[in-house]
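Comments concern the structure below.
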Amino acid sequence: SVHTNGGVRAATPWRPLGGESGAELWMNDEKPPTGGRDPDAPNDQRPTRPKVNYAALGDAALVGAMRAGNARAIDEFVLRYQRLLFDRAKTAGLRRRDCEEAIFDVVEDVAMLIVGRRLRPTQELGGYVVRCFFNRLADDAAEHEWRQRVVREGSEEAPGGAESAVLGA
């Protein structure tokens, strides 16, 4: 039942304007379509897709689904390889806060390369992602050392005798 201001009334089924039923809306020389559908109308029904357990897919099938544009496959890739890299970082004795940004960046970069077909994954995709991660950490460490050296050399060359200049990095 439907509640109105004055009380309760029974819900009435929807009818087109003028009270005609759907069959009466057809022109007199036409027959209603079989099965209640117009055979010339576009197929507006979404195709049913089988439910896929992306966590159970192997790397090759997951990459195929990613390249097909399946967002759930991309999410599974990101989760799978973030877990792997966090595990490897922990095993290497790295603190989570020291490598979290690098993990997110590496996994996202590899996923974009795969989806954009700029990377043809090898048999050992996990090993590739791990190597990318540790290479990224090495590059970050080298850049940090370079910045420190530049700041140190800049402060040593600053005029003022024994005073050191404070430079922002």
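Side chains included, hydrogens not; waters and symmetry mates left out as well; all remaining heavy atoms used. Only a predicted model underlies this, so the values are computations on that prediction, with no experimental measurement involved.
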Worksheet item: In chain order, what residues pass the side-chain hydrogen bond (donor to acceptor under 3.5 Å, both in side chains) check against R97, with sequence neighbours excluded?
Response: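 With sequence neighbours excluded, R97 shows a side-chain hydrogen bond (donor to acceptor under 3.5 Å, both in side chains) to no residue whatsoever.
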Discussion item. Suppose we screen for side-chain hydrogen bond (donor to acceptor under 3.5 Å, both in side chains). Which residues come up paired with E124, at least two apart in sequence or across chains?
Written reply: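 Once residues adjacent in sequence are excluded, E124 has no partner under the side-chain hydrogen bond (donor to acceptor under 3.5 Å, both in side chains) criterion.
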Worksheet item: Any side-chain donor-acceptor pair under 3.5 Å between Y81 and D59?
Response: yes
Worksheet entry | hydrophobic_cluster_shared for M66 and L113, side chain cutoff 4.5 Å |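 As far as the 4.5 Å side-chain criterion goes, M66 and L113 are connected within one cluster.
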Can I get a per-line list of side-chain donor-acceptor pairs under 3.5 Å for residues 101-109, giving both atom names and the distance, sequence neighbours left out?
| unit_1 | atom_1 | unit_2 | atom_2 | d |
| --- | --- | --- | --- | --- |
| D105 | OD2 | R136 | NH1 | 3.4 |
| D105 | OD2 | R136 | NH2 | 3.1 |

Indicate yes or no: at least one non-hydrogen side-chain atom of [X] is less than 4.5 angstrom from one of [Y].
X	Y	result
Y128	L119	yes
V115	R67	no
H144	Q148	yes

Worksheet item: Who pairs with E143 by salt bridge (charged side-chain N to carboxylate O under 4.0 Å, His left out), at least two apart in sequence or on another chain?
Response: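 With sequence neighbours excluded, E143 shows a salt bridge (charged side-chain N to carboxylate O under 4.0 Å, His left out) to R147, given in chain and number order.
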Worksheet entry | Verdict with supporting geometry, F133 and L84, side-chain contact (heavy atoms from CB on, under 4.5 Å) | CA-CA 11 Å; F133 169 63; L84 174 68; over 6 Å; no
Item to complete: State the CG-SG distance between D139 and C132, to the nearest 0.5 angstrom.
Response: 10.5 Å
Check residues 87-95 and write down every donor-acceptor pair under 3.5 Å in which the side-chain atom is one partner and the other belongs to a residue at least two apart or another chain.
| unit_1 | atom_1 | unit_2 | atom_2 | d |
| --- | --- | --- | --- | --- |
| T91 | OG1 | D87 | O | 2.9 |
| R95 | NE | D98 | OD2 | 2.8 |
| R95 | NH2 | D98 | OD1 | 3.4 |
| R95 | NH2 | D98 | OD2 | 2.9 |

Practice prompt. Starting from the C-alpha separation in whole Å, work towards a yes-or-no answer on salt bridge (charged side-chain N to carboxylate O under 4.0 Å, His left out) for R149 and E145.
Written response: CA-CA 6 Å; R149 189 181 74 239; E145 288 177 25; over 6 Å; no
Distance-only donor-acceptor pairs under 3.5 Å for side chains of residues 71-78, two or more places apart:
| unit_1 | atom_1 | unit_2 | atom_2 | d |
| --- | --- | --- | --- | --- |
| R72 | NH2 | V52 | O | 3.2 |
| E76 | OE2 | R80 | NE | 3.4 |

